[in-house]
Every structure is written in structure tokens, then in C-alpha cells.
Protein chains: 2
Amino acid sequence: MQKSLTIGRVAELSGVNVETIRYYQRFGIITEPKKPLEGYRIYPEATINRIIFIKRAQQLGFSLKEIAELLELGDGNCGDIMKRAEEKRDYINHQIDDLLRLKTTLDTLITACRTDDEAAHCPIVDTLTAK
Amino acid sequence: MQKSLTIGRVAELSGVNVETIRYYQRFGIITEPKKPLEGYRIYPEATINRIIFIKRAQQLGFSLKEIAELLELGDGNCGDIMKRAEEKRDYINHQIDDLLRLKTTLDTLITACRTDDEAAHCPIVDTLTAK
DNA sequence: ATAAAGTCCGTACCATAGTACGGAGTCAAG
DNA sequence: CTTGACTCCGTACTATGGTACGGACTTTAT
């Protein structure tokens, strides 16, 4: 006799919090089983797999909204899914570029601080200050 | 006779919204002038410079909280400010590393999609799906 | 004087992904 | 039966940096 899958069990088996599952249900990315006339809701085993998919996709940088779209595509749409992955990869490239630019600016300011002998003036403050 | 600096004028001259200034005041990073017995609040001209400082520091990746700390250090503490900039630069490096790792993973998955002749199986979906 | 623009103030909302809580009801084990 | 664990449900909160709104009051320009 297999244990019924209550929300706590699903949470434990999929490695998330009960609250997180409730949130996913409200978000619509997880289906909430009907409340039985007696006892607690019983979740299908597939729910666990679905949650694991969600967490792994999150680790790839997809938002919940994007993950919902991936799940809708499902298997058999490799082209579409690859396209989504390419878009995400491009977005991440963009972020990296931004950060690299930022880092360069900061490095420049830090170097200016190191080489500026006048403690009365801070090149960073000067840069940030109006004028 | 110089125009009094009401909040709208300050907003216009510093390039932010009135609502943003109100938010900064609530946040505590901008001082809210006392309400005169008659008429609107009059802002000191220094408020404009301070807001410009804030926006420029934001562009360097500092949070409002961090900016408040920078502003408190003020000029004359180049060492401390440089230290903050170094910490921010290090944090950004960390972010870049994370993103690069993510990009590599995605690239690997995308490549697998391109070289997989079986449309029935999507390497991305396989990777995300529970094992 | 009038109307439009501006300010004030308190409150609520946005996006994202959760997290927490209180009270009520249910289930399971001793 | 009792107690503790669990579920349910509705509501609120977190972090960050804003943005919006409604009603009341003030200022400005015609």
C-alpha cells in the first residue's frame, strides 16, 4: 500500500517547501488537485517530476514564466526549446557585457585612487559628484 | 530673483521623477526640508547634486543602501571609498563568473540540440526532466 | 476671479519568487 | 481519546527601487 502523496510528501520528494508548491499552484505552473470530500489533497506522482523540471530550468536562468512556456512546449518541440535556450544564452551574454563594462569603469576608478597622491581629493567622489 | 527650488524643479534639474525624490526622502538618503508655514517646501540647491551623485553611483552598480554609506563617508575618505569600490568590483566579478558558467551550460545544451538527429528526444528536456 | 498646474500626504501597487502566519480542520500514532 | 503533525486557506510580508493614485491644498498665469 503506497503512501498517498500529500503536499508535504511532494515537497519533501521534490526538495522544495510546501509554501513554494502553494505558490507554484497560485502561479499556475502546477495543477492543484481537487479537494477530496474526505481528507487531504492527493497529488499525482508526475507533480514531483514537474517541480524538479522547474527548479532545474531555474538554475539555467529561466524565469517561472519562461519555464511555464517551456513546459507547454513539452517534448517533441526541440527546435522551439532550443530557440528559447538560445535567447536565454544571448540575454546572458548581454548581461555579461554590461557587467564587464561596469567592472572596467570601476577598475579605472580604483586605479585612479591608488595613483592619486592627494588624499584631499577622491577620484571616485569627483566622478560621482556633479560637474 | 532666483526661482525657489520646489520638488518639481529639483526633479527636473536632477533628471528624476518627483515620486523618486519622495521615495529617496522616505528612504532617508535625501533630507526632506521642513514644510514652511506658507507655500511649498523649498529645497537647497545641494539636493540636486546629491541626487546626481546617487544616480551615478547606481550606474556603478551600488544599491541605495550602499550609496547612503558612500555619501556618509564623503570626500576625504578615499581609502574607504576605494575599498567599497573594490568590493563592488569583486562582487561583479563573481556575477560574471556565475553567468559564464551558466552560458557554458546553455551552449552545451544548444549544441546537443543541433547535433541530435532524433527529433523525438530533446536533450534540453531530457536534462531538465527528472531522472 | 478662475482654471490649470503643482505640491502634499497617505496608501497602495508593480515585478519576481518566494516566505510566513494565524486559525481552523484533518490525520496518524501512542 | 489525546496530542502532535499535517493540511488548508486567506492574508500579509520580504527584498529593491521605484510608480501611481485620490483627495485636499497651494501657486501661477490669464
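On a predicted model such as this, the values are computed, not experimentally measured, just so you know.
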Ignoring backbone atoms, establish whether A:R22 has a side-chain N or O less than 4.0 Å from OP1 or OP2 of D:dC9. no
Distance-only check: which donor-acceptor pairs under 3.5 Å involve side-chain atoms of residues 36-44 of chain B, not counting sequence neighbours?
{"from": "B:R41", "atom 1": "NE", "to": "B:P33", "atom 2": "O", "distance (Å)": "2.8"}
{"from": "B:Y43", "atom 1": "OH", "to": "B:Q25", "atom 2": "OE1", "distance (Å)": "2.7"}

Candidate list A:L70, A:V16, A:I29, test side chain to side chain contact (heavy atoms under 4.5 Å, CB included), partner A:I54, passing option: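 That would be A:I29; it is the only one of A:L70, A:V16, A:I29 passing the side chain to side chain contact (heavy atoms under 4.5 Å, CB included) with A:I54.
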Heavy-atom pair with the smallest gap, counting every atom of B:P123 and B:L109: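 Heavy atoms of B:P123 and B:L109 come nearest at O-CD2, 4.2 Å.
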Can you check the [X] [atom1] to [N] [atom2] distance for me, whole Å?
| X | N | atom1 | atom2 | answer |
| --- | --- | --- | --- | --- |
| B:Q58 | D:dG18 | CD | C1' | 10 Å |
| B:I54 | D:dT16 | CD1 | C1' | 15 Å |
| A:E19 | D:dT14 | CD | C1' | 13 Å |
| B:F27 | D:dG18 | CZ | C1' | 11 Å |
| A:I21 | D:dC8 | CD1 | C1' | 14 Å |
| A:E12 | D:dT7 | CD | C1' | 15 Å |

Using only atom types and a distance under 3.5 Å, with no angle test, would you say the side chain of A:T104 pairs donor to acceptor with the backbone of A:L100?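 Yes; at least one donor-acceptor contact below 3.5 Å.
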Do NZ/NE/NH1/NH2 and the carboxylate oxygens of [X] and [Y] come within less than 4.0 Å?
| X | Y | answer |
| --- | --- | --- |
| A:D107 | A:K103 | yes |
| A:R50 | A:E45 | no |
| B:K83 | B:D80 | no |
| B:E66 | B:R84 | no |

Give the first and the last nucleotide of DNA chain C, reading 5' to 3', that has any atom under 4.0 Å from a heavy atom of chain A.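 That gives a stretch of C:dA17 to C:dC27.
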Along DNA chain C (nearest heavy atom to each residue), the more 5'-positioned of B:P36 and A:S63: B:P36
Nearest-nucleotide comparison on DNA chain D, the residue closer to the 5′ end among A:R26 and B:Y24: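 Checking each residue's closest nucleotide, the 5'-ward one belongs to A:R26.
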For nucleotides 24-30 of chain D, read 5' to 3', which letter fits each nucleotide if B means a protein heavy atom sits under 4.0 Å from the base, S means only the sugar-phosphate is that close, and - means neither? --BS---
Counting side-chain heavy atoms from C-beta on, which of D:dC9, D:dT19, D:dT7 comes nearest to A:R41?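 Minimum distance to the A:R41 side chain belongs to D:dC9.
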In the structure I gave you, are the side-chain heavy atoms of B:L5 and B:T47 within less than 4.5 Å of one another anywhere? no
